[in-house]
Amino acid sequence: MKPSIFLFFISILLTHFTVLAESKVSSATIENMQLEYIDIGAGDINIIIESGVGMGVNYWKPLLAKLKMLKHRVIIYSRAGNGCSTPTIDASIPESNKRLHALLKLLNIDRNIILMGHSFGGIHVREYAISYPEQVIGLVLLDPSHEQFSKKLIQLNKAWAVRDNKRLNSLLAQSQEWQVLQKIYQNEQLKDKGSITKIPTVIVTSSKLGESDWWIGHSKQGKEIWR
């Protein structure tokens, strides 16, 4: 093997192991409970990642090397009851965001925050931005849940939507966060009243059809409603 190629592979391995070393999962005591989190990178911008229903830090580990390349500080955490974070009686959005606020205060983060929310996490970051507007400078929403999505799917095809909702409710019956999301669907409104006007926002959504072969939300018509 040529020395240049050998050095190239060595540099890749060193980068890989450096990221792994810096991605150690830590734990913080918030409201007499433990929240696990990963804190990587450094910079003037703080990127805070909120995950989907039931997901935590492990979901994002395959992307840590890429996130490290952003040259900003990145915080990924597991909400109460997810991953190794302590379960809670109250998994509501306001209480969850209070815990996140306390965690960020503990980590000396109180400004220049970009919130990135995936799926259910998209609702969390919208609510956080309304509750703590002085801290947040931007939102990135990755296929975010939307408070009127369930209603619109029922309007599209009630029988199909109701059938799929029953299956989802059965699969996620034990998830507190799933129950919270269902209440949001019933109320059909968040604090921002569906309009984010003061914060720069980017929405990223998948164009892939048939991600599941049964859920109406992944059908062509469901994707159109989502957008």
Side-chain angles (χ1 to χ4, degrees), residues 19 22-26 28 30 35-83 85 91 93-147 149 177 180-181 184 190-192 194-208 211 226-227:
V19 171
E22 294 179 350
S23 64
K24 184 182 92 170
V25 178
S26 302
I30 305 294
L35 292 183
E36 64 174 0
Y37 68 93
I38 292 176
D39 183 352
I40 60 173
D44 294 332
I45 304 298
N46 302 292
I47 300 174
I48 315 302
I49 297 179
E50 282 277 11
S51 307
V53 168
M55 299 175 184
V57 298
N58 287 338
Y59 182 78
W60 301 94
K61 283 185 176 180
L63 294 178
L64 290 178
K66 294 290 186 182
L67 292 171
K68 174 70 173 176
M69 293 170 62
L70 295 176
K71 307 300 181 184
H72 298 303
R73 189 177 183 185
V74 179
I75 305 294
I76 310 168
Y77 83 112
S78 298
R79 292 186 296 270
N82 296 335
S85 292
I93 304 288
E95 288 303 312
S96 178
N97 280 340
K98 285 180 184 178
R99 288 188 284 267
L100 173 58
H101 184 258
L103 173 63
L104 296 182
K105 183 177 181 180
L106 189 67
L107 298 176
N108 297 314
I109 298 174
D110 60 5
R111 59 190 175 88
N112 292 339
I113 292 174
I114 292 178
L115 297 169
M116 188 168 80
H118 169 234
S119 191
F120 185 46
I123 288 178
H124 279 80
V125 302
R126 283 172 54 193
E127 293 285 74
Y128 190 96
I130 290 295
S131 299
Y132 307 99
E134 72 285 353
Q135 295 187 348
V136 181
I137 61 173
L139 300 178
V140 179
L141 307 178
L142 307 179
D143 270 339
S145 299
H146 190 278
E147 59 274 22
F149 193 41
E177 294 193 330
V180 170
L181 180 57
I184 291 171
L190 298 180
K191 286 182 183 178
D192 64 16
S195 177
I196 303 172
T197 58
K198 297 181 179 180
I199 301 173
T201 301
V202 173
I203 299 176
V204 182
T205 182
S206 169
S207 61
K208 181 180 179 181
E211 294 177 63
W226 185 286
R227 295 193 182 93

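At a cut-off of 3.5 Å, with distance as the only test, no side-chain donor of Gln135 or Asn112 sits close to an acceptor on the other residue. Checked by atom type, the side-chain pair Thr205/Asp143 shows a donor-acceptor distance below 3.5 Å.
Heavy atoms only, all atoms of each residue included: Ile203 and Pro144 are closest at CG2-CD, 4.3 Å. In terms of heavy-atom proximity, Glu36 sits nearest to Ser78 at OE2-OG, 2.6 Å. Nearest heavy atom pair, residue Ala129 against residue Val136, reads CA-CG2, 4.0 Å. Here the shortest heavy-atom pairing between Arg73 and Leu107 reads NH1-O, 3.1 Å. Of all heavy-atom pairs spanning Ser51 and Gly56, the tightest one is OG-O, 3.9 Å. Contact between Arg79 and Ser85 at its shortest, heavy atoms only, is O-CB, 3.5 Å.
In this structure, the side chains of Val204 and Leu141 stay at 4.5 Å or more apart for every pair of heavy atoms. Looking at heavy atoms from C-beta onward, Ile47 lies in side-chain contact with Leu70 at the 4.5 angstrom threshold. In this structure, Tyr132 and His101 have side chains that are in contact, with non-hydrogen atoms separated by less than 4.5 Å. Side-chain contact between Val25 and Lys61 is present, with at least one heavy-atom pair separated by less than 4.5 Å. Contact check for Arg99 versus Leu35: side-chain heavy atoms found under the 4.5 Å cut-off. Side-chain contact between Leu104 and Ile113 is present, with heavy atoms from C-beta onward closer than 4.5 Å. You'll find the side chain of Met116 reaches within 4.5 Å of the side chain of Leu142, heavy atoms only.
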What do the steps show when you test Ile40 against Leu64 for side chain to side chain contact (heavy atoms under 4.5 Å, CB included), and what is the final call? CA-CA 8 Å; Ile40 60 173; Leu64 290 178; 4.0 Å; yes

Working note: Ile123 + Ile93, criterion side chain to side chain contact (heavy atoms under 4.5 Å, CB included); need CA distance, chi angles, decisive distance, verdict. CA-CA 8 Å; Ile123 288 178; Ile93 304 288; 4.0 Å; yes

Please assess Ile184 against Leu190 for the test side chain to side chain contact (heavy atoms under 4.5 Å, CB included), listing each intermediate value before the final yes or no. CA-CA 8 Å; Ile184 291 171; Leu190 298 180; 3.8 Å; yes

Between Leu67 and Ile76, does the side chain to side chain contact (heavy atoms under 4.5 Å, CB included) criterion hold? Intermediate values first, please. CA-CA 10 Å; Leu67 292 171; Ile76 310 168; 3.9 Å; yes

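Heavy atoms of other residues, nucleotides or ligands lying less than 6.0 angstrom from OH of Tyr59 number 12 at most.
Comment: Glu134 does not engage Arg111 in a salt bridge, judged by the lack of any side-chain N to carboxylate O separation of less than 4.0 angstrom. The pair Arg126-Glu50 fails the salt-bridge criterion, with no side-chain N (NZ, NE, NH1 or NH2) lying under 4.0 Å from an Asp/Glu carboxylate O.
Taking the six-membered ring for Trp, His124 and Tyr128 have ring centres at least 6.0 Å apart.
When atom types are taken as modelled, the side chain of Ser206 and the backbone of Lys208 share a donor-acceptor pair closer than 3.5 angstrom. Judged by distance alone, the side chain of Ser145 and the main-chain N or O of Phe120 form a donor-acceptor pair under 3.5 Å. Side chain of Glu177 to backbone of Ala91: no donor-acceptor contact under 3.5 angstrom is found.
Residue Leu115 is tested with Ile137, Ile48, Ile49 for a side-chain contact (heavy atoms from CB on, under 4.5 Å); the sole match is Ile48.
Between Trp60 and His118, the two ring planes are perpendicular [angle over 60°; tilted spans 30° to 60°].
Once rounded to the nearest 0.5 Å, the distance linking CD1 of Ile109 with CD1 of Ile45 reads 11.5 Å.
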